[in-house]
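Notes to accompany the following structure.
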Amino acid sequence: MATPCSTPYMDELANRGMRFDAAYCNSPLCAPSRFSFMSGQLALRITGYDNGSEFKASILAFAHGLHQMGYRACLSGKMHFVEPDQLHIMKNG
């Protein structure tokens with residue numbers, strides 16, 4: 001029987017922080033899963049079928065709500081943003 005490896009720092013982090021025993025995402029693919037997280041909608045509803053899909057500016061993201069509340073949001077990473085509103089900020093809202 002193999003001896004488990006020692007992970008004292010991870011153990012301490014788990015003891016002092018929050019652990020998820022079961023965490024799920026909406027898609028096994030990264031782009032559709034990100035689309036779902038950003039929009040609060042199922043990926044298939046907003047045409048997030050695969051990693052080649054694009055997150056259109058017409059889809060409201062949580063950044064829109066933050067902007068409306070006066071926050072300056074910065075979106076970064078691989079979100080596959082397209083169309084003129086690359087920042088996903090409602091300018092007239």
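Residue numbers run from 1 in the order of the sequence given. Quick caveat, the model's predicted, so the values are computed rather than measured.
No side-chain heavy atom of D11 sits less than 4.5 Å from a side-chain heavy atom of S6.
Interatomic distance, F55 CZ to M38 CE, rounded to the nearest 0.5 Å: 5.5 Å. Here the OG atom belonging to S27 is positioned 15.0 Å from the CZ atom belonging to F37, to the nearest 0.5 angstrom. Taken from CD in E54 to CD1 in I46, the straight-line distance is 12.5 Å, to the nearest 0.5 Å.
The side chain to side chain donor-acceptor pair (under 3.5 Å) test applied to N15 returns no partner, not counting sequence neighbours.
Here the shortest heavy-atom pairing between A31 and D50 reads CB-O, 4.1 Å.
Under the 4.5 Å side-chain contact rule for hydrophobic residues, L60 and L44 do not share a cluster.
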Could you walk me through whether T47 and S53 pass side chain to side chain contact (heavy atoms under 4.5 Å, CB included), step by step?
CA-CA 7 Å; T47 66; S53 300; 5.8 Å; no
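The stretch residues 35-45 participates, sequence neighbours left out, in these side chain to side chain donor-acceptor pair (under 3.5 Å) pairs: N26-S36, Q41-R45.
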